[in-house]
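So you know, we letter chains A, B, ... as the sequences are listed, proteins then strands, and number each from 1.
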Amino acid sequence: MKQEITRFAPSPTGHLHLGGARTALFSWLFAKKNKGKFLLRFEDTDKERSKKEYEQSIISSLAWLGIKPDENPIFQSKNIELHRTTALSLLESGNAYSCDCSPEQLNEMRKKQIEQKMQPRYDGLNRDKNLPHKDGNVIRFKMPIQGKTSFQDKILGTISVNNKELDDFIILRGDGSPTYNFSAAIDDQEMKITTVIRGDDHITNTLKQINIFKSLEQPIPNYAHLPMVLSNTGKRLSKRDGAVDLLEYKKLGYLKEALINYLVKLGWTYSNQEIFSKEELLSLFTLEAVNSSPAKFSEELITFYNNHYINSIQVEDLYQLIIKECDVPYEIDSNIHYLEILNLIREGSKTLLDLINQMQFFYEVPQYEERHKESVQANIEVISVFKENINALDFSDLKILENNLKEFLSSNDLKFPQLGKPLRLILAGRENAPSISQLLFFLGYEESLNRINLFLTK
RNA sequence: GUCCCCUUCGUCUAGCGGUUAGGACACCGGGUUUUCAUCUCGGCAACAGGGGUUCGAUCCCCCUAGGGGACGCCA
């Protein structure tokens with residue numbers, strides 16, 4: 001069986017967003033699952049909009065997810081000469097023709113067609129004129145007029161369209177540069193791509209490219225068109241609602257495992273399983289299991305996965321991740337209990353940033369909100385009594401400390417919340433925090449006393 | 001407008017002619033927990049509509065509606 005070769009072919013005109021990342025992921029998974037190769041090709045023929053920084057950003061995003069191309073990136077702009085000569089050869093063989101219609105003429109024509117409720121497309125005016133090719137003329141591909149163009153999509157099934165719906169599209173511009181649709185086809189052929197995996201917005205391009213392959217007498221690759229990822233409003237993903245730079249997610253403290261799991265589950269399923277490691281995906285992934293309907297982006301789901309992975313990776317790894325990838329505005333590593341604290345706080349954390357924020361009070365005296373101050377003042381006597389007795393607590397062992405607390409409460413005839421509520425506010429500056437005994441234990445005798453004193457003297 | 005694709009709980013989805021239509025997220029309750037959370041138990045909630053085919057349609061076919069996409073000398 002021949003080796004599968006797939007490619008991800010973004011144009012470096014923007015950052016990699018969720019939709020692109022999913023396409024790359026599926027393409028990579030499919031190649032790797034089949035012991036094949038995954039390639040990266042930059043479609044950088046639009047000089048105006050293509051930017052080096054975007055190339056870098058896309059490579060970084062893929063690298064973050066652990067998607068590594070098997071060869072150096074290919075730049076479409078480097079193959080222009082081949083595209084041009086191939087276009088000329090099609091002209092030579094009569095599969096393409098020279099056309100001198102001006103852009104203004106074409107606009108006029110489209111306008112009329114739309115008025116007449118026709119599909120706007122080139123009317124074939126110069127198709128059979130055999131015009132001599134000269135500078136300024138474009139070369140158009142001669143699309144078959146009769147019959148249909150069909151292919152078996154690995155996700156969507158049979159896709160078929162009457163050839164009369166396809167128009168004689170331009171393959172070489174007036175300035176001699178090749179157009180995207182042509183270049184992409186030639187490059188796929190050059191790179192010996194076996195399966196083209198891309199968004200379903202490319203379906204009409206596929207139909208055109210298939211005819212290019214036919215006229216060149218070249219094999220036609222397999223195709224798999226992924227349904228689009230829609231925003232939560234059901235519209236196409238845009239900057240406003242989710243098409244942000246993938247690296248933003250990294251900055252916000254999302255784990256790559258969460259992104260991958262979320263992205264792959266957006267359309268792909270394997271029985272009732274929700275959680276997949278990369279290794280599992282690499283052995284289970286098939287294009288046939290990809291759903292054929294578009295999916296909406298869901299903040300809730302991505303958060304669910306992130307929380308899941310924050311809680312399932314090794315706590316040491318989590319610590320390393322925070323130290324290396326995040327800006328922590330306070331010092332963590334001096335505390336001998338830092339891993340236990342991390343472990344305590346991570347349960348309810350949505351992101352790494354969230355986690356860092358949630359455990360800040362362990363390392364710094366909290367800022368007190370006015371309403372919290374008032375709440376504590378209302379119970380200040382209890383705190384004073386507790387302070388007098390804090391010496392009697394054994395801070396060396398969490399379990400013993402917990403028992404000491406109980407003893408203190410019963411000997412002073414107090415219910416737990418009477419002490420717990422204000423004490424928690426003093427120690428943590430918030431209502432949602434670990435248990436009182438854990439707070440005292442991890443903060444330690446001195447810091448606990450310090451915070452109580454600070455509060456009382458204010 | 002024309003063509004292409006899509007349509008099961010709010011969301012992601014399972015289902016591939018006979019199911020009490022399953023799971024996950026979210027949400028809502030109960031229990032556990034000296035707060036929140038965790039954990040646990042339970043609940044709410046869907047086959048877009050209409051025609052066929054069939055003994056029987058979520059599933060096959062057609063139509064309608066809705067959504068998305070494509071219709072550039074952009075990619």
Side-chain angles (χ1 to χ4, degrees), chain A residues 9-14 43-46 48-50 76 99 101-103 106-107 110 113-122 136-140 153 155-157 159-162 164-167 169-181 183-184 199-208 225 227-228 230 232 234-236 262 265-275 291-305 308 311 344-349 358 402 405-406 409 415-421 423-425 428 430-437:
Chain A
S11 62
T13 55
E43 314 225 309
D44 58 343
T45 52
D46 187 331
E48 295 286 302
R49 298 195 301 142
S50 296
Q76 188 155 71
C99 173
C101 294
S102 68
L106 295 172
N107 278 337
R110 277 188 208 107
Q113 285 166 332
I114 289 168
E115 275 168 21
Q116 292 169 43
K117 301 189 194 302
M118 289 165 63
Q119 167 147 231
R121 61 183 209 273
Y122 184 63
N137 278 20
V138 302
I139 295 181
R140 284 185 183 276
D153 190 278
I155 294 171
L156 265 20
I159 292 179
S160 181
V161 70
N162 286 320
K164 64 177 182 190
E165 305 296 340
L166 274 13
D167 72 348
F169 66 103
I170 292 168
I171 58 177
L172 206 64
R173 300 191 182 90
D175 65 1
S177 64
T179 59
Y180 158 78
N181 242 325
S183 294
D200 71 3
D201 50 335
H202 281 279
I203 287 177
T204 45
N205 293 332
T206 296
L207 266 359
K208 289 174 178 175
H225 291 92
M228 304 261 90
L230 271 25
N232 53 6
K235 298 287 176 216
R236 194 179 183 168
Y262 172 70
K265 280 288 293 173
L266 211 52
W268 180 81
T269 44
Y270 182 78
S271 87
N272 270 343
Q273 194 171 335
E274 309 288 341
I275 303 297
N291 195 22
S292 60
S293 53
K296 283 181 196 159
F297 170 77
S298 161
E299 191 72 45
E300 282 162 357
L301 251 193
I302 204 168
T303 298
F304 160 73
Y305 281 114
H308 172 81
N311 282 286
L344 219 50
I345 300 296
R346 68 169 166 175
E347 278 180 1
S349 299
Q358 295 291 329
E402 199 177 324
L405 263 180
K406 282 178 185 162
L409 288 170
K415 291 260 185 284
F416 189 87
Q418 289 176 275
L419 170 68
K421 235 185 134 189
L423 191 53
R424 177 175 290 107
L425 287 173
R430 66 215 306 164
E431 288 159 317
N432 307 339
S435 72
I436 294 298
S437 51

Peer 1: G67(B) P sits how many Å from M228(A) CE, rounded?
Peer 2: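 So the two atoms are 18 Å apart, to the nearest Å.
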Peer 1: Paired with U19(B) by Watson-Crick or G-U wobble geometry, both distances under 3.5 Å: which nucleotide is it?
Peer 2: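 Base partner found: none.
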Peer 1: Distance-only, no hydrogens or angles: does the S349(A) side chain make a donor-acceptor pair with backbone N or O of I345(A) under 3.5 Å?
Peer 2: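 Yes; at least one donor-acceptor contact below 3.5 Å.
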Peer 1: Under 4.0 angstrom, heavy atoms only, what part of the nucleic acid is P10(A) near: base, sugar-phosphate, or nothing?
Peer 2: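 Contact class for P10(A): none.
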Peer 1: Quick check for you: among A75(B), G68(B), C3(B), whose closest atom lies nearest to any side-chain atom of T45(A)?
Peer 2: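 Nearest listed nucleotide: A75(B).
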Peer 1: Determine, for F169(A) and R140(A), whether the Lys NZ or Arg CZ falls below 6.0 Å from the six-membered ring centre while staying within 45 degrees of the axis.
Peer 2: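 Checked: cation-pi criterion not met.
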Peer 1: I need the I275(A) CD1 to F304(A) CZ distance, nearest 0.5 Å.
Peer 2: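 So the CD1 of I275(A) and the CZ of F304(A) are separated by 4.5 Å.
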Peer 1: In Watson-Crick or G-U wobble terms, both distances under 3.5 Å, what is the partner of C36(B)?
Peer 2: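 Across all strands, not a single nucleotide pairs with C36(B).
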Peer 1: Classify the nucleic acid contact of S435(A) as base, sugar-phosphate or nothing, counting any heavy atom under 4.0 Å across all strands shown.
Peer 2: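 If one applies the 4.0 Å heavy-atom cut-off, S435(A) turns out to touch a base.
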Peer 1: In whole angstrom, give me the gap between the C1' atoms of C16(B) and C47(B).
Peer 2: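 Per the computed distance, 14 Å lies between those C1' atoms.
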Peer 1: Between A295(A) and H202(A), name the one whose nearest nucleotide on RNA chain B is closer to the 5' end.
Peer 2: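 Between the two, 5'-proximity favours A295(A).
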Peer 1: Name the residue closer to the 5' end of RNA chain B, choosing between I436(A) and N205(A) according to the nucleotide with the nearest heavy atom.
Peer 2: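 Counting from the 5' end, the first nearest nucleotide belongs to I436(A).
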Peer 1: Side chain of K296(A) only, heavy atoms from C-beta on: which candidate in A70(B), C5(B), C12(B) is closest?
Peer 2: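 My answer, after comparing the listed nucleotides, is C12(B).
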Peer 1: Would you indicate which nucleotide in G1(B), C12(B), C5(B) comes nearest to any side-chain atom of L156(A)?
Peer 2: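 From the listed options, C5(B) comes nearest.
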Peer 1: Measure the distance from CG on D167(A) to C1' on C73(B) and round it to the nearest whole Å.
Peer 2: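 These atoms are roughly 13 Å apart.
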Peer 1: When you check the gap from the basic side-chain N to the acidic O, do E431(A) and R424(A) get nearer than 4.0 Å?
Peer 2: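 No, this pair does not count.
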Peer 1: Given L172(A) and V138(A), is the side chain to side chain contact (heavy atoms under 4.5 Å, CB included) satisfied, shown in steps?
Peer 2: CA-CA 6 Å; L172(A) 206 64; V138(A) 302; over 6 Å; no
Peer 1: Which base sits across from G1(B) as a Watson-Crick or G-U pair, both distances under 3.5 Å?
Peer 2: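 Pairing partner, where one exists within any strand: C71(B).
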Peer 1: Please report the distance, rounded to the nearest Å, between NZ in K235(A) and P in G66(B).
Peer 2: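 Distance, rounded to whole Å: 13 Å.
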Peer 1: Identify whether any heavy atom of E165(A) sits under 4.0 Å from a base atom; if not, whether one sits that close to sugar-phosphate; answer base, sugar-phosphate or nothing.
Peer 2: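 Sugar-phosphate, backbone atoms only, no base.
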Peer 1: Just checking R110(A): base, sugar-phosphate only, or nothing, at a heavy-atom cut-off of under 4.0 Å?
Peer 2: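 Sugar-phosphate, backbone atoms only, no base.
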Peer 1: What is the ring orientation for W268(A) with Y270(A), classed by angle as parallel under 30°, tilted 30 to 60°, or perpendicular over 60°?
Peer 2: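 The rings of W268(A) and Y270(A) lie parallel, inter-plane angle below 30°.
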Peer 1: Quick one: is A14(B) close enough that its OP1 or OP2 comes under 4.0 Å of any side-chain N or O from T269(A)?
Peer 2: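 Looking at the OP1 and OP2 atoms of A14(B), one of them is under 4.0 Å from a side-chain N or O of T269(A).
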Peer 1: Let's go through Q113(A) and Q119(A) carefully: what are the C-alpha distance in whole Å and the side-chain angles of both, what is the deciding distance for side chain to side chain contact (heavy atoms under 4.5 Å, CB included) to 0.1 Å, and is it a yes or a no?
Peer 2: CA-CA 7 Å; Q113(A) 285 166 332; Q119(A) 167 147 231; over 6 Å; no
Peer 1: Rounded to whole angstrom, note down the C1' distance from A46(B) over to C41(B).
Peer 2: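 Here A46(B) and C41(B) have their C1' atoms 24 Å from each other.
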Peer 1: Give the ring-plane orientation class for Y262(A) versus F297(A), where under 30° counts as parallel, over 60° as perpendicular and anything between as tilted.
Peer 2: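 The arrangement is perpendicular - the two ring planes meet at more than 60°.
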Peer 1: In whole angstrom, give the distance that lies between atom NZ of K208(A) and atom P of G72(B).
Peer 2: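 Between P of G72(B) and NZ of K208(A): 7 Å.
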Peer 1: Counting Watson-Crick and G-U wobble pairs only, both distances under 3.5 Å, name the nucleotide matched with A48(B), or none.
Peer 2: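 Across any shown strand, A48(B) pairs with U64(B).
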Peer 1: Check the distance between C47(B)'s C1' and N291(A)'s CG and give it to me in whole angstrom.
Peer 2: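 Spelled out: CG on N291(A) to C1' on C47(B) is 14 Å.
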Peer 1: So what does G420(A) hit on the nucleic acid, given a heavy-atom distance under 4.0 Å: a base, only sugar-phosphate, or nothing?
Peer 2: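 Counting heavy atoms under 4.0 Å across all strands, no contact is made by G420(A).
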Peer 1: Specify the separation, in whole Å, of atom CD of Q358(A) and atom P of U38(B).
Peer 2: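 That distance rounds to 13 Å.
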Peer 1: NA contact type, A9(A), heavy-atom cut-off 4.0 Å: base, sugar-phosphate, or nothing?
Peer 2: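 It contacts nothing in the nucleic acid.
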Peer 1: Could you tell me whether I114(A) contacts a base, only the sugar-phosphate backbone, or nothing, with contacts defined as non-hydrogen atoms closer than 4.0 Å?
Peer 2: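 The residue I114(A) makes no contact with any strand.
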Peer 1: Let me know the distance between CD of E115(A) and C1' of G1(B), rounded to the nearest Å.
Peer 2: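 Computing the E115(A):CD to G1(B):C1' distance gives 11 Å.
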Peer 1: Over all strands shown, is C99(A) touching base, sugar-phosphate only, or nothing at heavy-atom distances under 4.0 angstrom?
Peer 2: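 It contacts nothing in the nucleic acid.
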Peer 1: What's E402(A) touching, base or sugar-phosphate or nothing? Going by heavy atoms closer than 4.0 Å.
Peer 2: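 Base, at least one base atom sits under 4.0 Å.
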Peer 1: Base, sugar-phosphate, or nothing for E347(A), non-hydrogen atoms under 4.0 angstrom?
Peer 2: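 It contacts base atoms.
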Peer 1: NA contact type, P417(A), heavy-atom cut-off 4.0 Å: base, sugar-phosphate, or nothing?
Peer 2: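 Nothing, no nucleic acid heavy atom in range.
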Peer 1: Let me know the distance between CE of M118(A) and C1' of A70(B), rounded to the nearest Å.
Peer 2: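 The distance from CE of M118(A) to C1' of A70(B) comes to 17 Å, rounded to the nearest Å.
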Peer 1: How many angstroms lie between atom CG of D200(A) and atom CE of M228(A), to the nearest 0.5 angstrom?
Peer 2: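 D200(A) atom CG to M228(A) atom CE measures 5.0 Å (nearest 0.5 Å).
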Peer 1: Using OP1 and OP2 only, check whether a side-chain N or O of R424(A) sits under 4.0 Å from A37(B).
Peer 2: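 No, because none of the side-chain N or O atoms of R424(A) sits under 4.0 Å from OP1 or OP2 of A37(B).
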Peer 1: To the side chain of S292(A), which of C73(B), U7(B), U13(B) is closest?
Peer 2: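 The nucleotide sitting nearest to the side chain is U7(B).
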Peer 1: Counting only side-chain N and O atoms of S177(A), is one of them less than 4.0 Å from OP1 or OP2 of C73(B)?
Peer 2: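 S177(A) to C73(B) OP1/OP2: no side-chain N or O under 4.0 Å.
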Peer 1: Is there a Watson-Crick or G-U wobble partner for U53(B) with both distances under 3.5 Å, and which nucleotide is it?
Peer 2: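 Because no pair has both required distances under 3.5 Å, U53(B) counts as unpaired.
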Peer 1: Classify every nucleotide of nucleotides 21-31 of chain B by which part a protein heavy atom approaches to under 4.0 Å, writing B for the base, S for the sugar-phosphate alone and - for neither, in 5'-to-3' order.
Peer 2: -BBSSS-----
Peer 1: Taking atom CG of L166(A) and atom NZ of K208(A), what is their separation to the nearest 0.5 Å?
Peer 2: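 It is 6.5 Å, given to the nearest 0.5 Å.
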Peer 1: Who does C59(B) pair with, Watson-Crick or G-U, both distances under 3.5 Å?
Peer 2: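 Pairing partner: none.
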Peer 1: Just checking V161(A): base, sugar-phosphate only, or nothing, at a heavy-atom cut-off of under 4.0 Å?
Peer 2: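 Counting heavy atoms under 4.0 Å across all strands, the contact made by V161(A) is with sugar-phosphate only.
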Peer 1: Measure the NZ-CG distance between K415(A) and L409(A) for me, rounded to the nearest 0.5 Å.
Peer 2: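 Here the interatomic distance stands at 10.0 Å.
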Peer 1: With heavy atoms under 4.0 Å as the rule, sort G267(A) into base, sugar-phosphate or nothing.
Peer 2: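 Sugar-phosphate only.
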Peer 1: Considering only atom P, compute the distance from A21(B) to C25(B) and round it to an integer number of Å.
Peer 2: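 Straight-line distance between the two P atoms is 22 Å.
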Peer 1: Reckon P103(A) touches a base, only the sugar-phosphate, or nothing at all at heavy-atom distances under 4.0 Å?
Peer 2: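 Base: the residue P103(A), judged by heavy atoms under 4.0 Å, touches a nucleobase.
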